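Everything numeric here is computed off the predicted structure, so don't read it as measured data. Letters A, B, ... mirror the listed sequences (proteins, then strands); counts begin at 1.
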Protein chains: 2
Amino acid sequence: MSRQRTAQKPSITRNKSSGTQRLEALRKFNANTRGAIRESNEMRLLQAAETVFAARGFSGATTAEIATRAKLPKANLHYYFRTKAELYRAVLANVLELWLDELDRFTSDREPTEAIAEYVAAKLNWSRKRPNASKVFANEVLHGAPFLKAYLSNDLRRRVEDKSEVVRHWIAQGKMRPLDPKHFFFQLWAVTQHYADFDVQVRAVLGRGRLTDQDFATAAENITALILHGCLVPARTRPA
Amino acid sequence: MSRQRTAQKPSITRNKSSGTQRLEALRKFNANTRGAIRESNEMRLLQAAETVFAARGFSGATTAEIATRAKLPKANLHYYFRTKAELYRAVLANVLELWLDELDRFTSDREPTEAIAEYVAAKLNWSRKRPNASKVFANEVLHGAPFLKAYLSNDLRRRVEDKSEVVRHWIAQGKMRPLDPKHFFFQLWAVTQHYADFDVQVRAVLGRGRLTDQDFATAAENITALILHGCLVPARTRPA
DNA sequence: GCCGAACTTGACCATTTGGTCAGATCATCG
DNA sequence: CGATGATCTGACCAAATGGTCAAGTTCGGC
């Protein structure tokens with residue numbers, strides 16, 4: 001009920017109220033580009049949170065550690081994100097934005113070889129550049145997706161349904177072996193995200209302190225070769 | 001210093017002391033087959049712990065919930081396992097026992113086709129029968145393997161090193177495509193464990209309440225086909 | 001330079017949780 | 001049986017942690 005609570009997070013989606021009030025909100029919203037301070041602090045918090053949630057999971061993460069990492073006092077964190085859960089949700093939303101769209105590369109008019117190779121490269125690239133994002137997501141799903149169940153069952157499911165159609169098309173064209181499209185996507189996800197989520201294991205086995213660009217290049221080559229040989233119908237050897 | 005603490009966990013590895021004491025310990029150790037009660041209660045606790053750790057992670061799990069699930073009072077849990085960490089370690093040890101050995105199927109004298117197909121089937125089978133074991137392990141690695149780092153860098157690493165040699169042998173024989181053996185193992189692990197660790201996602205996409213035997217059969221077929229086509233050198237088509 | 005709103009923060013609090021303990025009960029063996 | 005150690009357990013505690021709050025300070029528009 002305090003000032004902060006009602007004023008917080010001026011969002012376009014909040015209750016429409018009287019015209020003047022709406023106008024005023026909009027003005028402020030545009031005026032300072034949505035609050036430069038807010039923008040910057042939310043950013044810092046989100047980034048710190050991603051790191052800490054990735055390292056410790058939802059329950060293991062403490063708002064104190066996140067705040068410290070963001071170089072803000074804990075009370076300040078709770079000014080921008082009422083609860084730990086709200087902050088976590090925000091981090092997840094960020095992550096989904098990344099994940100969501102690489103699938104768009106799959107369209108009927110393309111060659112599966114290219115689409116798949118690009119997809120593998122793109123996902124693997126995220127695993128290298130944003131391993132923490134991947135880990136937060138993995139952790140969420142691993143523990144039953146308490147925050148993402150709806151997303152998985154709706155958005156993601158539909159998306160995969162769609163793209164499965166494309167794969168079936170390629171199969172019908174004789175370009176891909178007859179495989180189950182959904183399981184095919186599972187396999188793509190599994191091999192690409194492995195390098196982010198299980199990096200400790202990968203590093204231990206490879207004997208590396210951290211994965212180098214070279215390691216990722218090798219991974220990309222191996223995955224691409226395996227997947228492409230695995231799912232494509234080999235170009236017909238010209239009849240003798 | 002209390003009675004319980006010193007008497008707890010009569011293990012063969014504890015300090016050798018006076019001859020009579022040693023004898024007495026041994027007698028009891030054999031007498032009631034290592035304490036039927038202890039055996040049974042530790043079992044119940046380990047099983048409950050596996051479930052709870054899988055669902056909530058190390059930090060999220062509470063000894064209270066584990067105890068409740070095992071139908072024992074919390075104090076009793078702490079009688080058998082001094083700390084949550086000790087219980088967790090015990091669960092992990094259990095899990096590793098499962099994981100450890102499927103790799104033994106890889107020996108130079110076998111055909112890669114068979115070894116790989118069997119390995120995939122075996123791992124996938126564990127994902128179906130002991131998903132919680134897989135999840136506990138995944139969670140541990142995901143969060144930096146604070147308890148397993150040593151195991152990964154030593155036992156596992158050596159094991160993979162060994163088995164890589166076998167794969168190289170197969171490659172030299174012209175039975176497998178020239179691929180990086182270690183990355184090949186990563187890919188095997190990734191696709192097979194995915195069905196345990198990310199089952200919520202898999203279920204959401206497939207629209208299932210739970211994964212059926214049929215789902216696992218389909219998964220097995222798809223994975224095996226993908227991997228085998230992906231890594232084997234196709235039988236030479238008889239020269240025309 | 002003034003005003004209201006946005007932001008900051010140290011101090012505080014209620015709850016949760018891992019772990020302890022002392023005393024009661026039970027099992028077994030001579 | 002009776003003794004001895006294993007097992008059990010309700011009551012308790014200290015520390016950690018998410019979240020609150022009231023009293024500030026700063027900012028942006030007028």
Of the options C/dG19, C/dT8, D/dG18, whose atoms approach the side-chain atoms of A/Tyr80 most closely? C/dT8

Whole angstroms only, please: what is the [atom1]-[atom2] distance between [X] and [N]?
X: B/Ile37; N: C/dC26; atom1: CD1; atom2: P; value: 11 Å
X: B/Phe81; N: D/dT7; atom1: CZ; atom2: P; value: 12 Å
X: B/Tyr79; N: D/dT9; atom1: OH; atom2: C1'; value: 13 Å
X: B/Arg82; N: C/dC21; atom1: CZ; atom2: P; value: 13 Å
X: A/Leu87; N: D/dG18; atom1: CG; atom2: P; value: 11 Å
X: A/Arg38; N: C/dC7; atom1: CZ; atom2: C1'; value: 9 Å
X: B/Glu39; N: D/dA6; atom1: CD; atom2: P; value: 16 Å
X: B/Lys74; N: D/dA11; atom1: NZ; atom2: C1'; value: 11 Å

By side chain to side chain donor-acceptor pair (under 3.5 Å), which residues pair with A/Asp180, not counting sequence neighbours? none

Applying salt bridge (Lys or Arg N to Asp or Glu O under 4.0 Å), which residue pairs with at least one partner in residues 49-61 of chain A are found, sequence neighbours left out? A/Glu50-A/Arg130, A/Arg56-A/Glu65

Sorted by chain and number, sequence neighbours left out, side chain to side chain contact (heavy atoms under 4.5 Å, CB included) with B/Ala190 holds for A/Ala190, A/Val191, A/His194

Which pairs pass side-chain hydrogen bond (donor to acceptor under 3.5 Å, both in side chains) with one or both residues in residues 200-212 of chain A, sequence neighbours excluded? A/Asp199-A/Arg203, A/Arg208-A/Asp215, A/Thr212-A/Asp215

Can you give the donor-acceptor pairs under 3.5 Å from side chains of residues 147-158 of chain B to other protein atoms, not counting sequence neighbours?
unit_1, atom_1, unit_2, atom_2, d
B/Ser153, OG, B/Lys149, O, 3.0
B/Asn154, ND2, B/Ala150, O, 3.1

For B/Asn76 and D/dG10, is the shortest distance between a side-chain N/O and OP1 or OP2 below 4.0 Å? no

Give me the ring orientation class for B/Phe58 and B/Phe53: parallel if the planes are under 30° apart, tilted from 30 to 60°, perpendicular past 60°. parallel

Where along residues 44-57 of chain B does a heavy atom come under 4.0 Å from DNA chain C, residue by residue in number order? none

Excluding sequence neighbours, so at least two apart, what forms ring pair (Phe, Tyr, Trp, His ring centres under 6.0 Å) with A/Trp126? none

Those residues that, when tested against B/Tyr119, pass ring pair (Phe, Tyr, Trp, His ring centres under 6.0 Å) (two or more places apart): B/Phe106

Is there a donor in the side chain of A/Gln214 and an acceptor in the side chain of A/Thr218, or the other way round, less than 3.5 Å apart? yes

Answer yes or no: side-chain N or O of A/Lys84 and base N or O of D/dG19 forming a donor-acceptor pair under 3.5 Å. no

Strictly below 4.0 Å, heavy-atom distances to any atom of DNA chain D: list the hits from residues 58-71 of chain A, or just say none. A/Ala61, A/Thr62, A/Thr63

